[in-house]
Amino acid sequence: MAAALRGSLVTLAKGLSVVRLQPLCVRSLSVTSSQNVSESPPARADSTFKVTMLPGDGVGPELMTAVKEVFKAADIPVEFEEFHLSEVQNMASEEKLEEVLSSMKNNRVAIKGKIHTPMEYKGELTSYEMRLRRKLDLFANVVHVNSLPGYITRHNNLDLVIIREQTEGEYSSLEHESVSGVVECLKIITREKSRRIAKFAFDYATKKGRSKVTAVHKANIMKLGDGLFLQSCAEVAELYPKIKYENIIIDNCCMQLVQNPYQFDVLVMPNLYGNIIDNLAAGLVGGAGVVPGESFSAEYAVFETGARHPFAQAVGRNIANPTAMLLSASNMLRHLNLEYHSNMVSEAVKKVIKQGKVRTSDLGGYATSDEFTRAVISNLAI
């Protein structure tokens with residue numbers, strides 16, 4: 001009986017030791033009432049996620065430095081494979097492009113700055129930016145325009161999403177001079193890609209709990225091209241009876257966004273219109289420096305700023321706003337299922353802006369890029 005008692009005690013002791021080896025349970029008890037238990041820090045990952053990094057041109061390398069510093073301070077399990085691809089710095093070639101594509105295909109996730117496209121024609125119409133999108137079939141660009149808490153603009157509490165088809169349309173790179181002084185530029189609209197981006201928009205609205213999708217077009221003038229896009233959106237809309245569907249002409253859309261942006265929820269549109277609306281909407285909440293963006297194919301995801309500008313005049317001046325790139329990095333972490341780390345980065349950025357003490361010049365402040373990055377790091381809930 002004594003031997004049996006000793007065995008029971010040993011078993012009990014082992015059970016108790018197992019309980020003591022659960023740090024996550026102990027940590028979750030300390031979460032405040034305003035937090036979800038799911039936000040408690042996970043156990044440290046045994047391995048890291050590999051992500052392709054393309055700093056791009058202009059202030060891109062400075063913004064990527066901010067991302068790397070914040071990730072290092074937060075001990076985020078991401079390893080960057082960094083490549084420099086630039087048409088304006090003589091760092092672009094077929095070999096370099098293939099290296100980047102190979103890395104992106106292996107990692108399936110990338111973060112990038114703007115790869116500036118020169119306006120001069122040098123024998124090649126398709127930019128490296130467009131070639132990357134087409135090679136990876138990054139057909140859907142998503143820009144979530146969301147007001148930043150504590151930063152006051154004409155329209156506050158904005159929350160709308162712009163979804164742009166970005167593999168065809170006016171950016172098809174099909175131009176030629178038919179006779180001297182006459183240039184024809186072809187806009188390509190296909191039923192297949194129009195239906196695909198429409199389905200993406202309605203799926204996005206369904207997944208995110210949004211109630212309305214608005215198709216933006218110019219079918220009153222481009223009756224066949226934009227007419228096909230509009231028809232495709234209407235056909236897909238019939239498959240989603242719970243989502244309200246509307247359409248609006250692009251010029252009226254621009255005016256309505258300035259006057260009353262609250263009427264919009266999810267907007268879907270062809271390539272050029274999306275580029276214009278992305279920038280207009282970014283201006284409503286603070287400018288190109290504060291809005292994140294992302295592009296998707298069936299297999300790959302690329303995270304970048306929502307309004308794509310190299311901001312070349314700010315290079316080396318330490319004045320660029322890292323907010324958009326840091327929020328894009330946060331979205332990337334969420335895509336990698338690193339929810340805790342994603343929230344940590346985004347909440348730190350928003351907290352700095354809400355406090356109002358450290359803001360870059362584009363938001364009316366005097367802080368440098370480095371000072372803003374340090375402020376974000378000091379606000380990380382590590």
Side-chain angles (χ1 to χ4, degrees), residues 52-58 60 83-105 107-143 162-177 183-190 192-194 196-197 200 216 222 225-226 229 250 268-279 282 288 292-312 328:
T52 304
M53 174 180 279
L54 282 170
D57 294 308
F83 295 89
H84 292 274
L85 184 67
S86 171
E87 293 188 62
V88 295
Q89 300 180 50
N90 296 321
M91 289 190 290
S93 65
E94 290 299 323
E95 293 76 18
K96 179 70 73 174
L97 180 63
E98 287 305 316
E99 286 180 19
V100 171
L101 287 170
S102 177
S103 174
M104 294 173 83
K105 288 177 180 178
N107 298 331
R108 297 182 179 272
V109 178
I111 184 168
K112 65 178 284 295
K114 169 65 178 174
I115 301 174
H116 183 58
T117 303
M119 284 187 284
E120 309 84 48
Y121 174 59
K122 298 181 179 180
E124 177 59 61
L125 291 170
T126 307
S127 67
Y128 277 81
E129 185 93 58
M130 283 300 303
R131 291 167 74 179
L132 275 174
R133 291 180 206 164
R134 291 178 186 171
K135 292 276 189 180
L136 299 174
D137 194 26
L138 296 166
F139 69 94
N141 176 241
V142 180
V143 175
I162 300 159
I163 296 178
R164 163 192 178 192
E165 204 295 323
Q166 59 175 7
T167 59
E168 57 176 17
E170 296 84 357
Y171 292 24
S172 300
S173 302
L174 296 173
E175 298 180 87
H176 64 274
E177 189 173 32
V183 172
E184 294 179 306
C185 179
L186 302 183
K187 171 179 177 175
I188 307 298
I189 297 290
T190 63
E192 177 186 357
K193 291 189 175 182
S194 296
R196 180 172 68 168
I197 195 65
F200 181 95
V216 182
M222 286 170 276
D226 279 25
F229 177 82
I250 176 64
V268 60
M269 60 204 76
N271 211 334
L272 177 61
Y273 308 154
N275 197 357
I276 295 168
I277 297 297
D278 283 347
N279 284 267
E294 51 213 51
S295 295
F296 297 101
S297 71
E299 298 181 74
Y300 312 112
V302 176
F303 296 83
E304 55 196 332
T305 56
R308 301 162 180 163
H309 295 282
F311 200 15
S328 296

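- Rounding to the nearest 0.5 angstrom, the gap separating the OG atom in Ser328 from the NZ atom in Lys112 is 10.5 Å.
- Atom CD1 of Ile115 and atom NE2 of His84 lie 11.5 Å apart (nearest 0.5 Å).
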Given the rule in the side-chain contact (heavy atoms from CB on, under 4.5 Å) test, do Val302 and Thr52 qualify, once you have shown the distances and angles that lead to the verdict?
CA-CA 9 Å; Val302 176; Thr52 304; over 6 Å; no
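- Under the side chain to side chain contact (heavy atoms under 4.5 Å, CB included) criterion, Leu186 pairs with Leu174, Ile188, sequence neighbours left out.
- Heavy atoms from other residues, nucleotides or ligands lying under 6.0 Å from CD of Glu192 number 12 at most.
- Residues Phe200 and Val268 have side chains not in contact (no heavy-atom distance under 4.5 Å, counting atoms from C-beta outward).
- The nearest pair of heavy atoms linking Leu54 to Phe83 is CD2-O, 3.4 Å.
- Residues meeting the ring pair (Phe, Tyr, Trp, His ring centres under 6.0 Å) test with Tyr273, sequence neighbours left out: none.
- A pairwise comparison of heavy atoms in Ser173 and Arg134 identifies OG-NH2, 3.7 Å as the closest pair.
- Taking CD1 of Ile276 as the reference point, atom CE of Met269 lies at 10.0 Å (rounded to 0.5 Å).
- In this structure, Cys185 and Glu175 have side chains that are in contact, with non-hydrogen atoms separated by less than 4.5 Å.
- The two atoms that bring Glu170 and Leu272 nearest to each other are OE1-CB, 3.1 Å, heavy atoms only.
- Inter-residue side-chain proximity for Tyr300 and Asp137 is flagged as unmet; no heavy-atom pair is nearer than 4.5 Å.
- Counting heavy atoms from C-beta outward, Leu132 and Leu85 have side chains that approach closer than 4.5 Å.
- The minimum heavy-atom distance between Asp57 and His116, with the atom names listed, is OD2-N, 2.7 Å.
- The main-chain N or O of Thr190 is found under 3.5 Å from a side-chain atom of Glu168 such that the two form a donor-acceptor pair.
- Within the 3.5 Å criterion, the main-chain N or O of Ala140 finds no donor-acceptor partner in the side chain of Arg196.
- For the pair Asn141 (side chain) and Glu294 (backbone), a donor-acceptor distance under 3.5 Å is present.
- Using modelled atom types, one side-chain atom of Gln166 and one backbone atom of Leu138 make a donor-acceptor pair closer than 3.5 Å.
- Atom CZ of residue Arg108 and atom CD of residue Glu299 lie 5.0 Å apart, to the nearest 0.5 angstrom.
- Looking at Leu101 and Arg131, their side chains never come closer than 4.5 Å, going by heavy atoms from C-beta outward.
- One N or O on the side chain of Ser297 and one on the backbone of Leu136 form a donor-acceptor pair closer than 3.5 Å.
- No donor-acceptor pair closer than 3.5 Å links the side chain of Asn275 to the backbone N or O of Asn271.
- Contact between Ala298 and Phe139 at its shortest, heavy atoms only, is N-CE2, 4.3 Å.
- Taking a 6.0 Å sphere around NZ of Lys135, one finds it holds 12 or fewer heavy atoms contributed by other residues, nucleotides or ligands.
- Listed here is the closest heavy atom pair of Gly169 and Ile189: CA-CD1, 4.2 Å.
- Taken to the nearest 0.5 Å, the OG atom of Ser127 stands 6.5 Å off from the CZ atom of Arg133.
- Contact check for Glu98 versus Glu95: no side-chain heavy atoms found under the 4.5 Å cut-off.
- Atoms OH and CD, on Tyr171 and Glu129 in that order, are 10.5 Å from each other to the nearest 0.5 Å.
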Applying salt bridge (Lys or Arg N to Asp or Glu O under 4.0 Å), run through Arg308 and Asp278 and close with a yes or a no.
CA-CA 9 Å; Arg308 301 162 180 163; Asp278 283 347; over 6 Å; no
